[in-house]
Number of protein chains: 2
Amino acid sequence: MPNMPSEVILDEMENLLNIASDFTRLKIMYAISEREKSVSDIVEEVGASQSLVSHQLKVLRKANLVSTRKEGTRVYYALADDHVIALLNVVYEHVTEE
Amino acid sequence: MPNMPSEVILDEMENLLNIASDFTRLKIMYAISEREKSVSDIVEEVGASQSLVSHQLKVLRKANLVSTRKEGTRVYYALADDHVIALLNVVYEHVTEE
DNA sequence: TGCATATATGAAAAACTATTCATATAATAA
DNA sequence: TTATTATATGAATAGTTTTTCATATATGCA
């Protein structure tokens, strides 16, 4: 049973949750959860417009949830660390296990 | 490394994350994380208006994240299950551990 | 250089949500 | 009944965010 975190921590928690709580971004995170993918691959897998995916990748980048690597004209995105997967898993379990 | 969930599951995940991703609701969830509390207790601990707390409790209720018990004029709220705490913990760790 | 492809971005539109204010309901006590 | 306390709620406001559209930038190739 956790204690009430400080306002600063709560703020950061709110921010992380906000970023995770979007349909398109959830799809993007799952799309790159096994291995890095290029933007066009992500666009295809997620089924959203190129512009939207690019905008949402920017949001994920700004929050340091993804890392990028440029190769020619392609940009490859990957999840920044395993915390993200842990979060996705907890949420997935809550939704499916009941 | 998880697979892409179905649209329905993603939708439910988005919904749960949306509900968790609010400063006031986070505070409320922490306030009742150790034991049930009455609305007025929550109002005091969270430091928000009675109206706002009541509105947000309704959101949490609708999502089945809290349970309620009425006793006289008081209504006591508690977390519905431990999944919620697991979620809070994962987010807390992500925010503090780096 | 000019052309094609990949990605990013600014601005506007559309949709949504938190918060406040005023008020309603419910229970209890005098 | 009237008054008081606890909680809930409808409506409006204020602020934010997602999505689209048009366009810009960057890279590679002919």
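These numbers were taken from a predicted model, which means no experiment stands behind them. Letters go in sequence order (proteins before strands), and every chain restarts at 1.
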Please give me every residue in residues 7-28 of chain A whose heavy atoms get under 4.0 Å of an atom in DNA chain D, ordered by residue number.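 Under 4.0 Å from DNA chain D: Asp22(A), Thr24(A), Arg25(A).
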Please work out which residues in residues 41-60 of chain B have a non-hydrogen atom less than 4.0 Å from an atom of DNA chain D and list them by number.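 Result for residues 41-60 of chain B: Gln50(B), Ser51(B), Ser54(B), His55(B), Lys58(B), sorted by number.
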List the residues meeting side-chain contact (heavy atoms from CB on, under 4.5 Å) with [X], not counting sequence neighbours, and say none if there are none.
X	result
Ala80(B)	none
Thr68(A)	Arg61(A), Val75(A), Tyr77(A)
Asn89(B)	Pro2(A), Ile85(B)

Protein-nucleotide distance (Arg74(B), atom CZ; dT4(D), atom C1'), rounded to Å: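 Checked: the CZ to C1' distance equals 13 Å.
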Nearest-angstrom distance from the residue atom CZ of Arg61(B) to P of dT7(D):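 Rounding to the nearest Å, CZ of Arg61(B) and P of dT7(D) are 12 Å apart.
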Polar contact flag, side-chain donor to acceptor under 3.5 angstrom, Glu93(B)-His83(A):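 No pair is found: no donor N or O on one side chain lies under 3.5 Å from an acceptor on the other.
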Generate the contact string for nucleotides 25-30 of chain D. Rules: B means base contact, S means sugar-phosphate contact only, - means no protein heavy atom under 4.0 Å. -SBS--
In one Ile/Leu/Val/Met/Phe/Trp/Tyr side-chain cluster, 4.5 Å: Leu52(A), Val46(A):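 In one cluster: no.
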For residues 36-44 of chain B, tabulate all N or O donor-acceptor pairs below 3.5 Å that involve a side-chain atom, not counting sequence neighbours.
from	atom 1	to	atom 2	distance (Å)
Glu36(B)	OE1	Arg69(B)	NE	3.2
Glu36(B)	OE2	Arg69(B)	NE	3.4
Glu36(B)	OE2	Arg69(B)	NH2	2.5
Lys37(B)	NZ	Ala31(B)	O	2.7
Lys37(B)	NZ	Glu45(B)	OE1	2.7
Ser38(B)	OG	Ser40(B)	OG	3.3
Ser38(B)	OG	Asp41(B)	N	3.2
Ser38(B)	OG	Asp41(B)	OD2	3.3

Qualifying side chain to side chain donor-acceptor pair (under 3.5 Å) pairs with a residue from residues 4-14 of chain A, counting only residues at least two apart or across chains: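 Checked against side chain to side chain donor-acceptor pair (under 3.5 Å) - neighbours excluded - the pairs reaching residues 4-14 of chain A are Glu7(A)-Lys27(B).
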Not counting sequence neighbours, list each pair that qualifies as a side chain to side chain donor-acceptor pair (under 3.5 Å) and has a residue in residues 46-56 of chain A.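 For residues 46-56 of chain A, and leaving out neighbouring residues, the side chain to side chain donor-acceptor pair (under 3.5 Å) pairs sorted by first residue read Arg25(A)-Gln56(A).
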For residues 51-60 of chain A, which residue pairs pass the salt bridge (charged side-chain N to carboxylate O under 4.0 Å, His left out) check, not counting sequence neighbours?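 Those involving residues 51-60 of chain A do not exist here.
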Distances under 3.5 Å between protein N/O atoms and the N/O atoms of nucleotides 14-16 of chain D, please, pair by pair.
none

Set of side-chain hydrogen bond (donor to acceptor under 3.5 Å, both in side chains) partners for Asp22(B), sequence neighbours left out: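 In terms of side-chain hydrogen bond (donor to acceptor under 3.5 Å, both in side chains), with neighbours along the sequence ignored, Asp22(B) is linked to no residue.
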NA contact type, Tyr77(B), heavy-atom cut-off 4.0 Å: base, sugar-phosphate, or nothing?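 Sugar-phosphate only.
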